Amino acid sequence: MAFQLGDDDMQSMNEINLIPLIDIMLVLMIIFLVTATVLNPTVPLDLPKTSASVQQTPPKVVQISIDKDAGVYWDDQPITLTQLESRLASESQQQPQPSIRLSADKDARYETVAQVLALASQAQMDKIAFVSE
């Protein structure tokens, strides 16, 4: 017989070798990428037009605290009401005007809080925030 079917030596020949096919595909892909970039080197883009404005720096924050013994503090430094009045007057001249964060102890006298608010109002300080804990 000239043909033998089912021989063990012939079963190994039934598989296709894919390595040369993969090599050819990779070479063709590289050639395509190189020629595509040579033919069309730029991609036209229509980007939106924007305008940027200069952001102002945030205003300075002044922390004024009042403890239960009617002590007034400017950024953790003790201060008298007369010194507070002069400091508020000097701070109100700055541009932009700083904001005040007023925090008072729960046992603080309302009279002291009212005095501090009156001094800030006399110095024409508009931005006052009350801090609660």
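Computed from a predicted structure; not experimentally measured.
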Side chain of Thr35, backbone of Ile31: donor and acceptor closer than 3.5 Å? yes

Please tell me if the side chains of Ser132 and Lys106 come closer than 4.5 Å, counting only heavy atoms from C-beta onward. no

Counting neighbours of CG on Asp76 that are heavy atoms of other residues, nucleotides or ligands and sit closer than 6.0 Å, is the number greater than 12? no

Got Ile79 and Tyr73 here, is their nearest side-chain heavy-atom distance under 4.5 Å? no

Could you tell me the separation between the CZ atom of Arg87 and the OG1 atom of Thr80, rounded to the nearest 0.5 Å? 10.0 Å

Give a yes or no answer on whether the side chain of Gln93 reaches the backbone of Ser90 with a donor-acceptor pair at less than 3.5 Å. no

Option from Leu88, Leu84, Ile100 for which side-chain contact (heavy atoms from CB on, under 4.5 Å) with Val116 holds: Leu84

Kindly work out whether a path of hydrophobic side-chain contacts (I/L/V/M/F/W/Y, heavy atoms less than 4.5 Å apart) joins Ile16 to Leu21. yes

Gln124 atom CD: more than 12 heavy-atom contacts under 6.0 Å: no

Under 3.5 Å: donor-acceptor pair, side chain of Asp75, backbone of Gln63: yes

Is the closest side-chain heavy-atom distance between Val62 and Trp74 below 4.5 Å? yes

How many angstroms lie between CG in Asp105 and OG in Ser65, if you round to the nearest 0.5 Å? 10.0 Å

Could you see if Val61 belongs to whatever hydrophobic cluster contains Val72? Use Ile, Leu, Val, Met, Phe, Trp, Tyr and a side-chain cutoff under 4.5 Å. no

Find out whether Arg101 and Ile64 are in side-chain contact, i.e. whether some heavy atom of one side chain is under 4.5 Å from a heavy atom of the other. no

With rounding to the nearest 0.5 angstrom, report the NZ to CE distance, Lys127 to Met125. 9.0 Å

Check for me, please, whether Leu117 and Tyr110 land in the same ILVMFWY cluster - side-chain distances under 4.5 Å, paths through other members count. no

Euclidean distance, Leu28 CG relative to Leu33 CG, rounded to 0.5 Å: 11.0 Å

CA sep, side-chain torsions, deciding dist, call: Gln97, Ser92, side-chain hydrogen bond (donor to acceptor under 3.5 Å, both in side chains): CA-CA 6 Å; Gln97 204 175 55; Ser92 68; 4.9 Å; no

For Ile19, I'd like to know if atom CD1 has over 12 heavy atoms of other residues, nucleotides or ligands within 6.0 Å. no

With a 4.5 Å cut-off on side-chain heavy-atom distances among I, L, V, M, F, W and Y, is there a chain of contacts connecting Ile66 to Val131? no

